[in-house]
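Scroll down for the structure; my scribbles are underneath it.
Computed from a prediction, not measured in an experiment: that's the story for all the values here.
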Amino acid sequence: MSEKAANEHARKWDRCLADTAVKTVTGLGVGIVFSLIVFKRRAWPLSFGSGLGLGMGYSNCQHDFRSPYLIHGRMVKVSAQCNFHCLSEVCDTRSHHAA
Amino acid sequence: MLRACLRGANATARKNYRRIPLTSLQQCRHYTAGESSSASKVVVAGLLTVSGGIGGTVLYAKWDHKFRAAVEKNVPYSDWLLGLALGPAAQDPGLPIKKRVELAQPPSMIEKQVKKEGAEGPVKDSSPAPSQPAQSLEAPAEASQEASAEATHIISAIGEVPSVPAPCDTEAAAVKECNECHEHKEATAVHPASTEPMKERPVEEVAARLAQQEQEEQDISASVSASLEDSLASSAKATLQAIGAQEAALQAIMQHTDKLKEAMEAEVLPEEKSNQWKDLEAALADRTTALNDARAALLKANESLDSLRSVIDESKGLKISSVRPLVLAAEENLHNMVVDLDKMVMKVQSAESEAKIVSQYSELVNEAKRQFQREVSSLTPEIQANWKGLTGKLSTDDLNALIAHAHRRIDQLNRELAEQKVREKIHIDAALEQQKLEDQKALDNAVNTALQHVKEDARLDQERKLAELREVMEAEMRTQLRRQAAAHTDHVQDVLKVQEHELKAEAEQVLSSKMLEQETRYRQLTQEQLDNFTLDMNTAYARLKGVEEAIDSHVVAEDEARKAHQLWLSVEALSYSLKTAEADVPTVPLENAAQAVRDSCRDNDFALALASALPEKSLQRGVYSEASLRARFNSLRSLARRVALIDESRNSLYQYFLSYLQAALLFEKSQEAPPSQLSSEDLDPFKLLSYASYCLEHGDLELAAKLVNQLRGEARRVVEDWLIEARLTLETRQVVNLLSAYANAVGLGTTQAP
């Protein structure tokens, strides 16, 4: 418990890599299947599937690493009575920043 | 499969690429000549783009200051470049004018304050001049900023300042003028020395003069009245005399006339006739003397009246009011006298005229008689004198001659009568004419005299009326003056009353103030005495109290000493238990030791508070030692370094990659002494970590925790646990230190000799 923060980082990476690898391979597999059955042994479903898997894994990994910093907002309905001092929080589940 | 794909891709790429070289070769033939030029074109184009970009940036930075600031922040040496191109960045141009004015204003205001305090005339003359241009600036500045009360005072005073020199100058001028006036007065005072005393003391002199004048007037009027009376008396006497003489003359004339008439008409005896004639002669003589006397008296009266008139004129010329009624009365008397005299003169004249007629008639008769006598004598020369006595002596011839003469005379007389009757009218007309002329003359004279009398009367009336009016006016003026005097006395009374009041009030005030002074002094002295006494009492009491307290405290101190000893023992036990921590294993839970401490200081609030300030976790679980924290920190450091770039805004996987790269490439000192003050540069995580390492190596866990606390973002999250543990340890150690210090202090305190 004392090293939770430090270990968490390492654990995250573990999960992340494992997850990405699995997804990539799965995507590749699906791609192979589709390439063999539907797309006449073309190359592109393979790359597409693996890319899809890789992308999903990347996205998941990123989300996992970002999770402490995500702000979950909610829409608050504005009542008819308050005029100037209404509070309306804009819902922003993801903060997009320039990479 | 991949290889196939790759081969396919290569093939397609090669196919595509084969086309290009042909065209490019063809094109290259065209461009071989210009191949170098294309390169140079590229270079030139590149240079142009770059320079255009830089120029555009510079221009835009010149126009937009925020952009310039952003560029300077982000691009390393842009601030130098922009400074070179555009000059230093301008401040916000909103307030500079006002600021300058503000800066200009206070020194001028201070100047004016100083000058005001000086309050010199010539200084003020110079200050309004510089204040004039400043005032124009002040007006807009005032509107823009809110001046303090002092400033408004000064500014309003500045508004007054230009006006102040003017009265000062005019005052000076007036003073000068006054001085000149004084000089003039002194100069003029020297020359007319005679007027000086009169001006200085007018009232007495004027009164004296008035009295003198009155006296003079009185004298003059007395003299005038005396003279008037004298002359009046003399003229009255003369007039009366004249009037008496005229009366006498009148009487004489009338007597004479009567006598003459008698003599003419009366048929008396010859003896009586001669008596009559004698009487008549006597009467005539009387008349002549009376007339002479009357004329002389009249002359005298006229003389005296003339003298009286002259005196009256003289006294009129004096123009003294008191004399006027006398003059008026004298004039009236004069007039009356003149009138009476004239009347008398007229009476005398009328009597004279009558007498003249009668005498004429008597003369005629006498003449006729003489003629007759002559005729008779001529006829009868022998008959002498009185023919009536000769009746017996005469002869018939004489008688016949006489009768014939008489008849002839009768005829003649009849003829004359007839002639006279014929000429009656002519004679009557001539007589009437003559009478008319005489009447006219008399009338003219009478009219003239009457006119003169009337004029005189009117003039006297007018004078009388003037005198009356003057008297009335005099009386009115006197009443007005009396009223003014009364008002003046009233006013003076009022003023005196007011002055009295004022002086009374002043005197009372002075008295009351003196009394108050004396009272306050008396009170002060009594109060001082009282205070001194109280002070002495207080000191004695305090000393007594001190002695008592010392004795009590001894007892208390011994008790305290025992308790302190116990406390100290328990605190020592607590601090010992802290040392039971081993590497990576926390200490035993401090609950028991803390309980012992609490038991030993049940009535000591401070120690109790401290004992209860021990954090809960340390009581339940125990704390880690510094060494274990140090060891953990070293392992954490590398992790923190690796995620140094990650925070809320930068947390994509690419950022993670960059952060790892940074950690790999960045080298910092493993331990660096932290500065006494952290600047913004020192907040870099790498630096912080090296500072913290240094601190930990040198045993300063507190500072290390503080420095680690400055980490932000993911690095902070990573070291959060360590930080919590460090805090816990620090807290516990602090409390224990405090408790032991307190116990030591208490112990020392109690063991100290009194």
Side-chain angles (χ1 to χ4, degrees), chain A residues 1-13 15-17 19-20 24-25 27-36 39-51 54-72 92-99, chain B residues 1-12 584-586 617 621-624 628-629 631-643 645-660 708 711-726 728-729:
Chain A
M1 113 180 142
S2 60
E3 293 157 16
K4 196 176 172 189
N7 292 341
E8 195 184 335
H9 196 78
R11 271 199 290 274
K12 272 188 188 171
W13 271 119
R15 275 204 306 271
C16 181
L17 287 171
D19 189 43
T20 309
T24 312
V25 168
L28 188 68
V30 167
I32 288 168
V33 167
F34 269 91
S35 162
L36 285 172
F39 294 109
K40 300 172 189 166
R41 298 187 185 212
R42 294 270 182 85
W44 66 265
L46 294 176
S47 41
F48 183 73
S50 63
L54 194 69
M56 284 198 293
Y58 184 90
S59 181
N60 272 357
C61 196
Q62 194 165 271
H63 180 82
D64 197 10
F65 274 112
R66 267 187 187 166
S67 53
Y69 298 108
L70 287 177
I71 303 167
H72 293 100
D92 190 9
T93 53
R94 221 152 290 227
S95 47
H96 298 282
H97 299 280
Chain B
M1 196 71 217
L2 266 165
R3 242 178 276 150
C5 298
L6 280 166
R7 248 186 272 142
N10 277 335
T12 46
D584 294 339
V585 173
K617 237 184 172 178
R621 190 206 61 178
V623 291
Y624 283 94
S628 61
L629 287 172
R632 263 179 68 193
F633 182 76
N634 287 328
S635 61
L636 276 177
R637 186 176 169 177
S638 55
L639 181 57
R641 284 182 78 247
R642 263 184 283 152
V643 296
L645 212 54
I646 310 295
D647 60 15
E648 327 51 64
S649 55
R650 299 190 173 88
N651 47 19
S652 64
L653 276 178
Y654 179 61
Q655 291 292 336
Y656 270 94
F657 167 66
L658 287 176
S659 177
Y660 275 47
V708 165
L711 287 169
R712 296 273 173 263
E714 186 69 27
R716 174 54 175 268
R717 277 191 62 244
V718 153
V719 300
E720 194 70 43
D721 285 334
W722 184 88
L723 204 56
I724 289 167
E725 286 301 324
L728 207 64
T729 309

Study note, to complete from the structure: So CZ of A/F65 and CD of B/E714: to nearest 0.5 Å the spacing works out to 8.0 Å

Check your understanding: Which one, B/D647, B/V719, B/I646, B/L636, leads in non-hydrogen pairs under 4.5 Å with chain A?
Key -> B/D647

Check your understanding: Considering all heavy atoms of both residues, which atom of B/Y656 and which atom of A/H9 are nearest to each other, and what is their separation?
Key -> CE2-CE1, 3.7 Å

Point to revise | Distance in Å, B/N651 CG paired with A/L70 CG, rounded so as to fall on 0.5 Å steps | key: 7.5 Å

**Study point:** Within-4.5 Å side-chain heavy-atom neighbours: A/P68 and B/E648
**Key:** no

**Study point:** Greater than 12 external heavy atoms within 6.0 Å of B/F657's CZ
**Key:** no

Check your understanding: Got a sec: does the OH of A/Y58 have more than 12 other heavy atoms crowding it under 6.0 Å?
Key -> yes

Point to revise | Closest heavy-atom pair and its distance - B/L653, A/Q62 | key: N-OE1, 3.0 Å

Review point. Going by the angle between their ring planes, with limits at 30° and 60°, are B/Y660 and A/W13 parallel, tilted or perpendicular?
Key: perpendicular

